[in-house]
Amino acid sequence: MRQLTDARGYPLGFFLQKPIYLVVGPGLESTAYEIVGVPTLPSGGANPDYGKAEILVSPWLVEEYETYWFLVDGSQAIRPFVLQRRSRPEWVAKDDPETSDEVFKRNVFIYGVYERKAAGYLFWQLAYGSTGTGTGA
C-alpha cells in the first residue's frame, strides 16, 4: 500500500502515521498478535513489524471468512468506507391488543427496530484485504 501512486506517479503517502488497523477474525487473533504484538521473534531477533498496527478482532469474520484479514489506514481524514444513514432507527412495538392481531390471537408481543442504511467504498486505497489463501483480494 505504501507503493500506491497517483496519476502523476507521486506516492499517495499511506501508513505514515497511526492508527493502522489489522482486522482479523477470532480464529486469527493469536496469529495477528504474533505478527504485530510481540517485540521479539521466536528465533530471538527483533520483530520488524512490532507495534506497526493495532489489532481489531471482528466477530463477523468467522466460518467461511475465518482466514480473511484486512489492513486499514485510519490515520487519514477520509476513510476507505462510507456509511450512509437513509433513515434514523425507529422503535417498533406491536404490543397493543386492540391493534395487533398477534397480541389478540396468540398473546405474542413483537418488538423491533426499523432502519435503512447503505455502505460503500469511499477511498479504497486506504484498505487492503486478503482471503488468506493467496496474495490479495
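- Listed for the T67 side chain is a donor-acceptor partner under 3.5 Å among the backbone atoms of T131.
- Judged as a side-chain hydrogen bond (donor to acceptor under 3.5 Å, both in side chains), and not counting sequence neighbours, E66 has no contacts.
- Looking only at side-chain heavy atoms (C-beta outward), L22 and I20 stay at 4.5 Å or farther from each other.
- For the pair N47 (side chain) and V38 (backbone), a donor-acceptor distance under 3.5 Å is present.
- Considering OH of Y21 and OG of S75, their distance stands at 9.0 Å, rounded to 0.5 Å.
- Taking CD of Q76 as the start and CG of D73 as the end, the distance is 4.5 Å to the nearest 0.5 Å.
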>> Could you go through I110 and V108, starting from their C-alpha distance and side-chain angles, then the distance that decides it, and tell me whether this counts as side-chain contact (heavy atoms from CB on, under 4.5 Å)?
In response: CA-CA 6 Å; I110 300 173; V108 173; 4.1 Å; yes
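- Put simply, L4 and L126 are part of the same group of oily side chains (I, L, V, M, F, W, Y) that touch within less than 4.5 Å, one to the next.
- Around atom OH of Y33, no more than 12 heavy atoms belonging to other residues, nucleotides or ligands sit under 6.0 Å away.
- Cluster partners of Y50, using a side-chain heavy-atom cutoff of under 4.5 Å among ILVMFWY residues and allowing indirect links: none.
- The shortest side-chain heavy-atom distance between V23 and L61 falls under the 4.5 Å cut-off.
- Here the closest non-hydrogen pair linking S58 and P26 is O-CD, 3.4 Å.
- Residues F109 and V113 share a hydrophobic cluster, clusters being chains of Ile/Leu/Val/Met/Phe/Trp/Tyr side chains in contact below 4.5 Å.
- For CD of E63, the number of neighbouring non-hydrogen atoms (other residues, nucleotides, ligands) closer than 6.0 Å is 12 at most.
- With a 4.5 Å cut-off on side-chain heavy atoms, W69 and Y128 count as touching.
- Here side-chain hydrogen bond (donor to acceptor under 3.5 Å, both in side chains) pairs that include residues 78-93, with residues two or more places apart or in two chains, are R85-E115.
- The side-chain heavy atoms of S100 and D95, taken from C-beta on, include no pair separated by under 4.5 Å.
- Counting heavy-atom neighbours within 6.0 Å of Y111 OH, excluding the residue itself, gives a total above 12.
- Residues L122 and F81 fail the side-chain proximity criterion, which asks for heavy atoms closer than 4.5 Å.
- Here the straight-line distance linking atom CD1 of I35 with atom CG of L41 works out to 11.0 Å at 0.5 Å rounding.
- Of all non-hydrogen atoms in V103 and P97, the two that sit nearest each other are CG1-CA, 3.6 Å.
- Shortest non-hydrogen contact noted between P48 and A46 is CD-O, 3.3 Å.
- Rounded to the nearest 0.5 angstrom, I78 CD1 and Q125 CD are separated by 9.5 Å.
- In this structure, Y121 is not a member of the same hydrophobic cluster as F123, with clusters built from ILVMFWY side-chain heavy atoms closer than 4.5 Å.
- Contact of the T5 side chain with the Y10 side chain is not registered, since no non-hydrogen atoms from C-beta on lie closer than 4.5 Å.
- K117 and L83 get closest at one heavy-atom pair: CD-CD1, 3.8 Å.
- Contact check for I55 versus V36: side-chain heavy atoms found under the 4.5 Å cut-off.
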